[in-house]
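The block underneath contains the structure these notes are about, expressed in structure tokens.
Chain letters run A, B, ... following the sequence lines, proteins first and then strands; every chain starts at 1.
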Amino acid sequence: MVEAALAEAVTHSAAGAALDIEQVSHAFDIDGAELPVLSDVSISVEPGEFVALLGPSGCGKSTLLRLVAGLDKPRAGALREDEVRIKSPHPSRVVVFQDPTLFPWRSVWDNVALGLEAQGILKSQRHRVDAALDLVGLADFRNAYPHQLSGGMAQRVALARALVNDPKILILDEPLGKLDSLTRITMQAELVSLWQRKGFTTLLVTHDAEEALVLANRVIVFSDRPARVKADIRVDRPYPRHRGDPYLADLRRQILGLLGLDVTW
Amino acid sequence: MSTYSLSDGLASGAPRVSRAPLLAWVRESGAGVAASIAWIAFGLSCLLWEDVGDWSRTHSLGIAAFIVAAVALFGTVGADYLGSAGRALRQRAAWLVALGAFLTLWELATAKFAWLPLPFFPPPQSIIEVYTDDLPKLLDSVFASVKLQLGGYLIGAAVGFLTGVSIGWSRAVGYWVHPVLRFIGPLPATAWLPIAFFTFPSSWSASTFLIALATGFPVTVLTWSGVASVSSAYYDVARTLGAKPSFLVLKVAIPAALPHVFVGLFMGLGSSFAVLVVAEMIGVKAGLGWYLQWAQGWAAYANMYAALIVMSLLCSGAITLLFAIRDRLLVWQKGTVKW
Ligand SMILES: Nc1ncnc2c1ncn2[C@@H]1O[C@H](COP(=O)(O)OP(=O)(O)OP(=O)(O)O)[C@@H](O)[C@H]1O
Ligand SMILES: [Mg+2]
């Protein structure tokens, strides 16, 4: 079973891209004062790896994801996708933002079709939109408008909108944060199986140490703002993982300790 | 509707059979009966007394009032057999009462007892007379007004929309157009009237220009503010999905700004009506504004009221049409205003 999962991940690893974050620093100007947000962050992600980013609120995780997406340029350092410098957004790196930001004037189906339409390939690829909607379980809501969806459903549409593009790097900013715990566990399992099947590289920001440990190969813990890499933890456990696994519980305690929480439970 | 009252009756109607149906009947048809009484009163007010003036349609108007009364009575009492038309009639029955009462009072105050000074307050039958006897001229005027208004409004709306999008999108265009807009825009379009009428080759082109100007300013400003206020998160999403600048304008900025654009279109419609009427009164020798002016010259007060009623129907119709278009295009919005 371990071998099977591993073999699958390896055979599909060509679908994922390598990501190199090299000594990246970033800051914002607020009222003339400089607010440093990222400080000398270096992370090297292998193709097909699933990396979770954990850190205190406001430390700079979303900022780092915007740099990886190419939406902003870092003040110092460089980011590379498969050795190529990231200068602007590209559909090979798709982001699911913290907020679903669905386009309210488009139906669910049209929202999911957005990427294919923007790239001018929608006509021949309509089936991919249907497949993505099936995947997140919202095929029945294809004609609904965003204001008719629940928060969790909107987040799932945002996920489908990203997945339909077959990204090489999937960038997730707390995509499961708004879901109820039941849907959340289902979606976590979906995400893992999807990642294993497609082999894209995944970058997941989360507040939840347990979620990070259930999903990722690697957990990176950031310090308070400005974010520095505080710990880089490998999670060598086969999938599907069990929440009660004592090995994971041990790692969880360790991570919460790094985040400044002394847990005894 | 019918299933609703049926289950109602099954659930609670049995013990108080004797009183409930009468009450329900009064509640449902009372207003209809009252409406028919009001219109019978109007009909009688036409026929019972002699007119103080010389009007030819008094008798026909009285008969017409009785017909309305009959329709109101049978329409509301028998509404259950008339489907949606019956339901609509029932809903408006209270208005029919008010209208009948108003017409009765109007008839008595003008044609019968002359409580109101006469040439200035014509009776209902003299307005009817205008519609029957002066119809060709009135129709010509309507046609001329609609043609002028439609041309000017469409040009103004299109130019305003394109200008607004360009200012909202491009800094360079904004640099040049914004000051011009600030300087010229707030000027009422009617202030251009004297200049426009001798610089343009025809009074018709001058009026078209003025109507377009009155429409264009609010449409430009609101389109611009709509485009400028689109959340950058939408652009971020589109850009990470591979959108090019043309896609960002056509598929993100414009649809997101559309609710604002419609506010501008409504404002433009209002101010262009004002320009239309003034332009017709002063320069163009056609249209409802000109008809009003002409009627005033002949002290034909009934013609003025008749033209005013037509004008208000046209303006209201135009607004209704714009609302219908908006509701179609903006189905995705929740809680829009009902006109
Ligand atoms: N566009 C911006 N302009 C100015 N400051 C910003 C901007 N975006 C983010 N910041 C600041 O940068 C810091 C990091 O923000 P960021 O959104 O990256 O945090 P985060 O780690 O994602 O937090 P959370 O977990 O709460 O989402 C915050 O203090 C925020 O105020
Ligand atoms: Mg964040």
Side-chain angles (χ1 to χ4, degrees), chain A residues 62 65-72 86-108 110-122 129 132 143-149 154 157-158 160-167 169-173, chain B residues 161 164-165 168-171 219 222-266 322-338:
Chain A
S62 296
L65 293 193
R66 285 181 66 85
L67 298 179
V68 173
L71 288 168
D72 295 322
I86 294 173
K87 288 200 184 109
S88 59
H90 189 274
S92 70
R93 285 170 270 119
V94 177
V95 190
V96 179
F97 290 91
Q98 210 161 351
D99 204 64
T101 43
L102 301 180
F103 290 12
W105 57 89
R106 283 173 165 251
S107 67
V108 164
D110 288 331
N111 262 289
V112 175
L114 197 67
L116 301 179
E117 192 182 330
Q119 294 156 51
I121 52 172
L122 181 59
V129 179
N143 294 323
Y145 282 96
H147 74 84
Q148 297 166 317
L149 303 178
V157 175
R161 180 174 63 185
L163 292 173
V164 78
N165 297 286
D166 252 333
I169 301 179
L170 182 64
I171 302 167
L172 303 165
D173 197 348
Chain B
F161 176 73
V165 171
W169 191 256
S170 150
R171 197 157 290 182
V219 174
L222 275 135
T223 305
W224 165 32
S225 89
V227 170
S229 67
V230 177
S231 159
S232 66
Y234 292 138
Y235 296 125
D236 286 347
V237 167
R239 283 170 63 209
T240 59
L241 293 173
K244 289 167 202 55
S246 61
F247 188 91
L248 294 182
V249 177
L250 296 175
K251 298 293 178 92
V252 183
I254 289 177
L258 221 49
H260 289 254
V261 175
F262 270 97
V263 175
L265 287 173
F266 279 111
L322 193 55
F323 262 103
I325 295 172
R326 184 200 67 167
D327 289 347
R328 243 195 120 77
L329 280 177
L330 302 185
V331 274
W332 51 272
Q333 272 195 322
K334 46 182 171 179
T336 44
V337 181
K338 186 113 174 57

Q: Could you tell me the separation between the CZ atom of A:Arg106 and the CH2 atom of B:Trp332, rounded to the nearest 0.5 Å?
A: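 With rounding to 0.5 Å, CZ (A:Arg106) is 12.0 Å from CH2 (B:Trp332).
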
If you count heavy-atom pairs within less than 4.5 Å of chain B, which of [options] leads?
| options | result |
| --- | --- |
| A:Glu117, A:Arg93, A:Gln119 | A:Glu117 |
| A:Gly120, A:Ser88, A:Ala162, A:Pro91 | A:Pro91 |
| A:Pro104, A:Ala69, A:Pro146, A:Gly115 | A:Pro104 |

List the atom of [X], the atom of [Y], and the distance in Å for their closest heavy-atom pair.
| X | Y | value |
| --- | --- | --- |
| A:Thr101 | B:Ala233 | CG2-CB, 3.5 Å |
| A:Arg66 | B:Asp236 | NH1-OD2, 2.8 Å |
| A:Pro89 | B:Arg239 | CB-O, 3.4 Å |
| B:Ala243 | A:Ala118 | CA-CB, 3.7 Å |
| A:Val94 | B:Thr240 | CG2-O, 4.4 Å |

Q: Identify which part of A:Leu102 has an atom lying under 4.5 Å from any heavy atom of chain B, answering side chain, backbone, both or neither.
A: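 Just the backbone, heavy atoms under 4.5 Å.
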
Q: Pull out the residues in residues 252-265 of chain B that come under 4.5 Å of chain A, heavy atom to heavy atom, sorted by number.
A: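 Heavy-atom contacts from residues 252-265 of chain B to chain A are B:Val252, B:Pro255, B:Ala256.
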
Q: Could you tell me which residues satisfy ring-ring contact (aromatic ring centres under 6.0 Å, His included) with B:Tyr234, sequence neighbours excluded, listed by chain and number?
A: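 ring-ring contact (aromatic ring centres under 6.0 Å, His included) list for B:Tyr234, sorted by chain: A:Phe103, A:Trp105.
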
